[in-house]
Asker: 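Handing you a structure now.
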Amino acid sequence: MKFADYERRLLAFIIDLGISILFTTAMLSVLGILIYEFRLSLAIKIFIPSTCFILFCYLVCCYRLCRGVSIGGAMCNVRIINKDQRPLRFKTCFIRAALLSLLLLSIYNIFYMFLLRTQVSFFDESTDTRAVERIPTENINNQ
């Protein structure tokens with residue numbers, strides 16, 4: 001089991017955040033089209049909380065249904081597992097996604113990992129999980 005690099009984990013999170021921002025923008029655009037009283041000023045006010053909520057729902061679903069791999073994780077070859085190398089339980093998925101969806105904690109985590117140059121993040125310590133390199137399925141089939 002090899003820990004995923006800091007840079008790879010950061011890129012995976014940025015991809016997942018970008019996906020959440022795209023969904024939020026699409027959702028707010030549809031609301032602006034369907035609801036006449038929905039103004040740009042309201043959309044700007046609820047953009048960050050909406051993005052956080054969508055990121056939370058997205059991560060819970062990905063971690064639980066895809067065994068610890070989000071779209072960003074799949075693209076960067078990163079998987080989230082428990083310390084004992086078992087798949088994530090729902091409670092762990094929920095807590096980890098809640099912590100990650102709070103953008104201020106995510107920014108704190110970037111500095112935490114960068115300054116300490118550690119492979120174990122604040123979120124890993126909080127939920128007893130680890131981010132490891134995901135083994136592609138074709139490598140498993142060849143062995």
Side-chain angles (χ1 to χ4, degrees), residues 1-35 38-142:
M1 174 178 74
K2 182 180 176 191
F3 288 124
D5 297 337
Y6 165 76
E7 294 81 9
R8 188 180 303 213
R9 294 180 67 179
L10 179 61
L11 182 58
F13 177 74
I14 290 171
I15 291 169
D16 292 335
L17 181 61
I19 291 169
S20 300
I21 289 171
L22 286 174
F23 277 115
T24 303
T25 304
M27 179 191 68
L28 294 177
S29 298
V30 168
L31 284 175
I33 292 169
L34 296 178
I35 302 172
F38 193 79
R39 303 275 184 238
L40 181 61
S41 60
L42 178 60
I44 291 170
K45 289 177 187 175
I46 65 171
F47 184 79
I48 296 291
S50 299
T51 301
C52 290
F53 179 73
I54 288 173
L55 180 63
F56 167 74
C57 294
Y58 163 76
L59 289 175
V60 168
C61 291
C62 285
Y63 288 159
R64 187 63 184 162
L65 299 176
C66 300
R67 299 180 182 173
V69 179
S70 63
I71 294 172
M75 292 173 73
C76 296
N77 204 22
V78 175
R79 181 176 181 219
I80 306 299
I81 59 171
N82 280 320
K83 264 186 180 178
D84 57 5
Q85 300 182 7
R86 291 180 24 216
L88 298 176
R89 295 179 307 155
F90 180 76
K91 177 183 171 185
T92 306
C93 295
F94 188 88
I95 293 170
R96 185 176 177 90
L99 291 173
L100 277 168
S101 65
L102 297 173
L103 296 177
L104 291 177
L105 279 179
S106 297
I107 293 169
Y108 166 76
N109 185 55
I110 291 169
F111 288 109
Y112 173 86
M113 289 183 71
F114 181 74
L115 293 175
L116 296 180
R117 297 305 294 170
T118 180
Q119 300 298 328
V120 180
S121 73
F122 168 76
F123 305 111
D124 293 333
E125 288 298 325
S126 300
T127 58
D128 284 335
T129 57
R130 296 294 179 260
V132 296
E133 286 189 15
R134 188 175 62 92
I135 301 170
T137 55
E138 60 256 1
N139 287 347
I140 294 172
N141 293 335
N142 292 335

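The chain is numbered in sequence order, starting from 1.
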Asker: Please name all residues satisfying side chain to side chain contact (heavy atoms under 4.5 Å, CB included) with Thr24, sequence neighbours left out, ordered by chain then number.
Answerer: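 With neighbours one apart ignored, the set is Leu28, Phe47, Ser50, Thr51, Ile54.
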
Asker: Apply side chain to side chain contact (heavy atoms under 4.5 Å, CB included) to Ala26 and list each qualifying residue two or more places apart in sequence or on a separate chain.
Answerer: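 In terms of side chain to side chain contact (heavy atoms under 4.5 Å, CB included), with neighbours along the sequence ignored, Ala26 is linked to no residue.
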
Asker: What closest approach, in Å, do Gly72 and Tyr58 show between heavy atoms, and which atom pair accounts for it?
Answerer: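 Distance-wise, the nearest heavy atoms are N-OH, 4.0 Å.
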
Asker: Test of understanding: with side chain to side chain contact (heavy atoms under 4.5 Å, CB included), list the residues that count as partners of Ile15, not counting sequence neighbours.
Answerer: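 Counting only residues at least two positions away or on another chain, Ile15 forms a side chain to side chain contact (heavy atoms under 4.5 Å, CB included) with Leu11, Ile19, Met75, Cys76.
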
Asker: With Asp16, which residues qualify under salt bridge (Lys or Arg N to Asp or Glu O under 4.0 Å), at least two apart?
Answerer: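 So Asp16 forms no salt bridge (Lys or Arg N to Asp or Glu O under 4.0 Å) with any residue.
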
Asker: Determine yes or no for a side-chain-to-main-chain donor-acceptor pair under 3.5 angstrom, with Arg79 supplying the side chain and Arg67 the backbone.
Answerer: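 At least one qualifying donor-acceptor pair exists.
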
Asker: Looking only at heavy atoms, which two atoms of Ala131 and Ile80 are closest? And how far apart?
Answerer: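 Of all heavy-atom pairs spanning Ala131 and Ile80, the closest is CB-CD1, 3.6 Å.
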
Asker: Considering non-hydrogen atoms only, spot the tightest contact between Cys62 and Ser70 and give its length.
Answerer: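 Of all heavy-atom pairs spanning Cys62 and Ser70, the closest is CB-CA, 3.8 Å.
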
Asker: Counting only N and O atoms by type, is there a donor-acceptor contact under 3.5 Å from the side chain of Asp5 to the main-chain atoms of Glu7?
Answerer: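 A pair under 3.5 Å: no.
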
Asker: For Arg64, what residues pass the salt bridge (Lys or Arg N to Asp or Glu O under 4.0 Å) criterion, not counting sequence neighbours?
Answerer: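 Applying salt bridge (Lys or Arg N to Asp or Glu O under 4.0 Å) to Arg64 gives none.
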
Asker: Is there any ring pair (Phe, Tyr, Trp, His ring centres under 6.0 Å) pair reaching into residues 65-87, and which pairs are they, with sequence neighbours excluded?
Answerer: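 Found none.
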
Asker: My understanding is that only residues two or more places apart in sequence, or in another chain, count here; which of them pass side chain to side chain donor-acceptor pair (under 3.5 Å) with Arg96?
Answerer: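 Expected list: Asp124, Thr129.
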
Asker: Write down the atom of Arg130, the atom of Phe3, and the distance for their closest heavy-atom approach.
Answerer: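 Nearest heavy atoms, Arg130 then Phe3: CD-CE2, 3.4 Å.
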
Asker: Under 3.5 Å, which donor-acceptor pairs do the side chains of residues 88-95 form with other protein atoms, sequence neighbours left out?
Answerer:
none

Asker: What's the shortest heavy-atom distance between Leu59 and Ala97, and which atoms?
Answerer: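 That would be CB-CB, 3.7 Å.
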
Asker: Might you point out which heavy atoms bring Leu100 and Tyr63 nearest each other, and give the distance in Å?
Answerer: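 Taking Leu100 first and Tyr63 second, the nearest heavy atoms are CD1-OH, 3.3 Å.
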
Asker: Please identify each residue that fulfils side chain to side chain contact (heavy atoms under 4.5 Å, CB included) with Asp128, with sequence neighbours left out.
Answerer: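 For Asp128, the residues satisfying side chain to side chain contact (heavy atoms under 4.5 Å, CB included) (neighbours in sequence not counted) are Lys83.
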
